[in-house]
Amino acid sequence: MKNKKIFFIIFTSLLFIILIFTFANCSFGADQKLVNTIKKAFEQIEDWLIKLATPAAAVAVRRRSFYEKI
């Protein structure tokens, strides 16, 4: 009888804790400054990749047309 009571209390408290964390209205990653910083960083990385890829693509197109002539 005592084991059932302890099990019921533990089960109920764990279920309550899970429900609180599941339906919580607060957001832990909502810092707008952090989001904007990360977004700007990814935009800069994208710009760098485009600058690096453009000459490589031009060389690849040039070599392909050269090989098609042969």
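Ile9 CD1 to Leu14 CG: the interatomic distance, rounded to the nearest 0.5 Å, is 12.0 Å. Expressed to the nearest 0.5 Å, how far CD1 of Ile20 lies from CG of Leu15 amounts to 10.0 Å. Distance CG/Leu52 to CH2/Trp48: 10.0 Å, rounded to 0.5 Å. To the nearest 0.5 Å, the span separating CG on Asp47 from CZ on Phe42 amounts to 13.5 Å.
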